[in-house]
Amino acid sequence: MLGKLKLATASLAGCFGCHMSFLDIDERILELVDVVEFDRTPLTDIKTVGECDVGLIEGGVANEENVEVLRDFRRHCKVLVALGACAVNGGIPAMRNQFELEDCLRESYVDGIGVANPGIPNDPEIPLLLNKVHPIHEVVKIDYFLPGCPPSADTFWTFLTEL
């Protein structure tokens with residue numbers, strides 16, 4: 001064996017279901033640990049991405065922070081993979097694309113049912129929302145697409161072991 005494949009993952013705008021499906025490889029993850037070194041992932045709690053062989057990205061691009069994370073992964077990963085419907089086509093988060101952003105924010109924070117303290121948040125700690133949610137290939141070059149909502153554990157297993 002030449003060495004372990006270095007792998008990083010991130011979740012952008014979505015449900016985190018792709019990461020959960022990845023974990024559904026169950027005990028096979030022990031076999032994967034023999035050939036893969038995990039970099040930034042929820043498994044390691046590493047917050048920055050180092051130089052990696054493969055980056056797995058789930059979720060659409062909905063805010064400026066998503067854009068930064070995605071571009072950082074593209075710079076540091078030899079191969080970048082779009083995971084699941086949200087990454088491939090924007091998924092559920094992109095359903096807001098048929099409305100103006102301001103209308104969505106007003107409905108959520110001002111006019112929505114049960115809103116106790118109306119007001120659209122304006123805090124520099126909150127990432128700036130983009131006008132539309134984008135699939136990740138509209139922001140950076142993607143090498144592979146694993147569609148599904150989410151892709152199955154067997155799809156992850158086959159993809160990673162074939163690499």
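Residues satisfying the side chain to side chain donor-acceptor pair (under 3.5 Å) criterion with Asp143, sequence neighbours excluded, are Arg74, Lys141. Asn97 is linked by a side chain to side chain donor-acceptor pair (under 3.5 Å) to nothing, counting only residues two or more places apart in sequence or in another chain. Residues meeting the salt bridge (Lys or Arg N to Asp or Glu O under 4.0 Å) test with Lys6, sequence neighbours left out: Asp39.
Two residues are said to be in side-chain contact when any heavy atoms from C-beta on lie closer than 4.5 Å; Val88 and Pro135 fail this criterion. The shortest distance between side-chain heavy atoms of Val49 and Cys77 falls below 4.5 Å. No side-chain heavy atom of Leu160 sits under 4.5 Å from any side-chain heavy atom of Val36. Taking the side chain as every heavy atom from C-beta outward, Val67 and Leu130 approach each other to under 4.5 Å. The side-chain heavy atoms of Thr155 and Thr158, taken from C-beta on, include no pair separated by under 4.5 Å.
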- prompt: Between Thr48 and Arg40, does a side chain to side chain contact (heavy atoms under 4.5 Å, CB included) hold up when you go through it step by step?
  reply: CA-CA 6 Å; Thr48 59; Arg40 175 188 166 162; 6.0 Å; no
field: Check against side chain to side chain contact (heavy atoms under 4.5 Å, CB included), Val35 and Leu5
entry: CA-CA 6 Å; Val35 294; Leu5 188 72; over 6 Å; no
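Among Phe159, Phe73, Phe156, the one residue that satisfies the side chain to side chain contact (heavy atoms under 4.5 Å, CB included) test with Val81 is Phe159.
Dense packing is recorded around CD1 of Ile46, with more than 12 heavy atoms of other residues, nucleotides or ligands lying under 6.0 Å away. The number of heavy-atom neighbours closer than 6.0 Å to CD of Glu100, taken from other residues, nucleotides and ligands shown, is 12 or below.
Ile57 and Tyr144 fall into different hydrophobic clusters, where Ile, Leu, Val, Met, Phe, Trp and Tyr residues are linked whenever their side-chain heavy atoms come under 4.5 Å apart, directly or through other members. Cluster membership check: Leu83 shares its hydrophobic cluster with Ile29, using side-chain heavy-atom separations under 4.5 Å among Ile, Leu, Val, Met, Phe, Trp and Tyr. A continuous path of Ile, Leu, Val, Met, Phe, Trp and Tyr side chains, each step under 4.5 Å between heavy atoms, connects Val54 with Val33, placing both in one hydrophobic cluster. In terms of hydrophobic clustering, with Ile, Leu, Val, Met, Phe, Trp and Tyr side chains grouped at heavy-atom distances under 4.5 Å, Ile25 and Leu7 are assigned to a common cluster.
Rounding to the nearest 0.5 Å places OG of Ser152 at 9.5 Å from CG of Leu146. Rounded to the nearest 0.5 angstrom, Leu32 CG and Thr161 OG1 are separated by 8.0 Å. Distance CD1/Ile136 to CG/Asn89: 11.0 Å, rounded to 0.5 Å. Here the straight-line distance linking atom CG of Leu70 with atom CG of Leu80 works out to 6.5 Å at 0.5 Å rounding.
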Would you give me the side-chain donor-acceptor pairs under 3.5 Å for residues 104-120, sequence neighbours excluded?
unit_1	atom_1	unit_2	atom_2	d
Arg106	NH1	Asp103	OD1	3.1
Ser108	OG	Cys104	O	3.0

Just distance, no hydrogens or angles: give the donor-acceptor pairs under 3.5 Å from side chains in residues 11-23, sequence neighbours left out.
unit_1	atom_1	unit_2	atom_2	d
His19	ND1	Glu58	OE2	2.3
His19	NE2	Thr9	OG1	2.8
Ser21	OG	Pro151	O	2.4
Ser21	OG	Ala153	N	3.4

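Side-chain atoms of Asp72 do not come within 3.5 Å of backbone N or O of Glu68 as any donor-acceptor pair. Remark: the backbone N or O of Thr41 is paired with a side-chain donor or acceptor of Thr44 at under 3.5 angstrom.
Among residues at least two apart or in separate chains, side chain to side chain donor-acceptor pair (under 3.5 Å) pairs with a member in residues 118-135 are His134-Glu138.
Closest of all the heavy-atom pairs between Pro127 and Glu65 is CG-OE1, 3.6 Å. Of all non-hydrogen atoms in Leu101 and Arg96, the two that sit nearest each other are CD1-NH1, 3.5 Å.
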